[in-house]
There are 2 protein chains.
Amino acid sequence: MTYDPASDLENTEQIFSALAHQSRRHILLTLHFRGGQMSAGDIANRFACSWPTTTRHLNILRVSGLISVDKVGRERVYKLEREKLTKTIGEWLDWFERKPE
Amino acid sequence: MTYDPASDLENTEQIFSALAHQSRRHILLTLHFRGGQMSAGDIANRFACSWPTTTRHLNILRVSGLISVDKVGRERVYKLEREKLTKTIGEWLDWFERKPE
DNA sequence: ATATTATTTAGCTTAATTGCTAAATGTTAA
DNA sequence: TTAACATTTAGCAATTAAGCTAAATAATAT
């Protein structure tokens, strides 16, 4: 797969949209501070909303590429894609560190 | 006004929500690369959507604190609050540069 | 005073998001 | 093979977001 600017922009859109919800930002931080990996249940148990609602948040994060998932037995283990997050947002933010000519 | 963690969190929410829309991110970049200040008309003319729609985007950005506005004659001049953007997002992103203990 | 310019506000419609509960799926244990 | 567990999918209701056109406001120019 070669570089596709259109899908890259689309992904930036997905990522910023994913970050727009408090619960999803919280999930990312929780994942990070618990070592980068947690099962769906471990995540769901830490949040006030219902498990299906958390599942949907996880899915939005997964489609954006900010997390990935792995089946382990009957559990699903979600993994933070830390570099995807820091690279995408960091690079966007970098435009504002550049002097406007 | 002393530091208020609740309103600080609320503002983070506003900022991430403001950044979730492509047009609003575009407005911020346009402002930055045109020197940090533009009239509402200059901004609206550069976008495909109707002027009232742009006005609403500008208002969302203003309420979040990412831009500010100044009346100059019959124009309204919008100004990018560059540091608000880089500080808020940069500091949030920094959590992910810290080692999770 | 009146017209023109710059911009916002109001009001409406459609689409998207978020939350819920209940049902379905797939996996391991008895 | 049946029960229990871990999780997702389906489907619904309520809220919010985003777009438009038309009307309102406020400042300058004639």
Side-chain angles (χ1 to χ4, degrees), chain A residues 9-31 34-80, chain B residues 9-31 34-80:
Chain A
L9 282 177
E10 198 201 330
N11 189 227
T12 298
E13 180 77 23
Q14 288 174 328
I15 287 176
F16 273 105
S17 296
L19 295 178
H21 198 288
Q22 154 78 31
S23 298
R24 292 190 293 259
R25 291 194 305 280
H26 197 160
I27 287 170
L28 295 176
L29 281 166
T30 301
L31 269 168
R34 304 209 92 228
Q37 299 204 173
M38 287 170 81
S39 72
D42 283 349
I43 297 169
N45 284 150
R46 303 194 154 246
F47 287 85
C49 60
S50 71
W51 193 330
T53 296
T54 298
T55 292
R56 182 153 49 191
H57 285 315
L58 288 170
N59 204 46
I60 288 166
L61 288 167
R62 189 184 54 71
V63 168
S64 79
L66 291 174
I67 63 178
S68 57
V69 68
D70 216 3
K71 279 190 190 182
V72 177
R74 56 184 149 183
E75 296 190 341
R76 291 194 205 183
V77 176
Y78 285 92
K79 178 174 165 242
L80 174 66
Chain B
L9 283 177
E10 198 201 331
N11 190 227
T12 299
E13 180 77 23
Q14 288 174 327
I15 288 176
F16 273 106
S17 296
L19 294 177
H21 199 288
Q22 154 79 32
S23 298
R24 292 190 293 259
R25 292 194 304 279
H26 197 160
I27 287 171
L28 295 177
L29 281 165
T30 301
L31 270 168
R34 305 208 92 229
Q37 297 204 176
M38 288 170 80
S39 72
D42 283 348
I43 297 168
N45 286 150
R46 304 193 155 247
F47 287 85
C49 59
S50 71
W51 193 331
T53 296
T54 298
T55 293
R56 182 152 48 191
H57 285 314
L58 287 170
N59 205 46
I60 288 166
L61 288 168
R62 189 184 54 71
V63 168
S64 79
L66 290 174
I67 64 178
S68 57
V69 68
D70 217 1
K71 278 190 191 183
V72 177
R74 57 185 150 184
E75 296 190 342
R76 290 196 204 181
V77 177
Y78 284 93
K79 176 172 165 247
L80 174 65

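Since we're looking at a predicted model, the values are computed, not measured. Scope of the values below: all heavy atoms of this structure, side chains included, with no hydrogens, waters or symmetry mates.
The CZ atom of A:R76 sits 10 Å away from the C1' atom of C:dT27 (whole-angstrom rounding). To the nearest angstrom, P of D:dA6 lies 10 Å from CG of A:D42. Remark: C1' of C:dT9 and CZ of B:R62 are 13 Å apart, rounded to the nearest angstrom. The CG-P distance, from B:D70 to D:dA26, rounds to 17 Å in whole Å.
Nearest-nucleotide assignment on DNA chain D puts the 5′-proximal partner with A:V69, out of A:V69 and A:R56. Ranked by how close their nearest DNA chain C nucleotide is to the 5' end, A:I60 and A:K71 are led by A:I60.
The side chain of B:H21 places no N or O atom within less than 4.0 Å of a non-bridging phosphate oxygen (OP1 or OP2) of C:dT17. Within the 4.0 Å cut-off from OP1 or OP2 of C:dT8, at least one side-chain nitrogen or oxygen of B:W51 is found. The phosphate of D:dA18 has neither OP1 nor OP2 within less than 4.0 Å of any side-chain N or O from B:T53. Not one side-chain nitrogen or oxygen of A:Y78 sits closer than 4.0 Å to the OP1 or OP2 atom of D:dA6.
There is a side-chain donor-acceptor pair under 3.5 Å between B:N59 and B:R62.
If you check every strand for non-hydrogen atoms under 4.0 Å, B:S23 touches nothing.
B:F47 and B:H26 have perpendicular rings, their planes meeting at more than 60° on a 0 to 90° scale where under 30° would count as parallel.
With distances taken from any side-chain atom of A:S39 to the nucleotides C:dT8, D:dA18, D:dT7, the minimum falls on D:dT7. Distance from the side chain of A:P52 is smallest to D:dT8 among C:dT7, D:dT8, D:dA22. In this structure, of D:dA6, D:dC20, C:dT9, it is D:dC20 that holds the atom nearest to the side chain of B:S50.
Judged by atom type and distance alone, B:R74 reaches the base of C:dT5 through a side-chain donor-acceptor pair under 3.5 Å.
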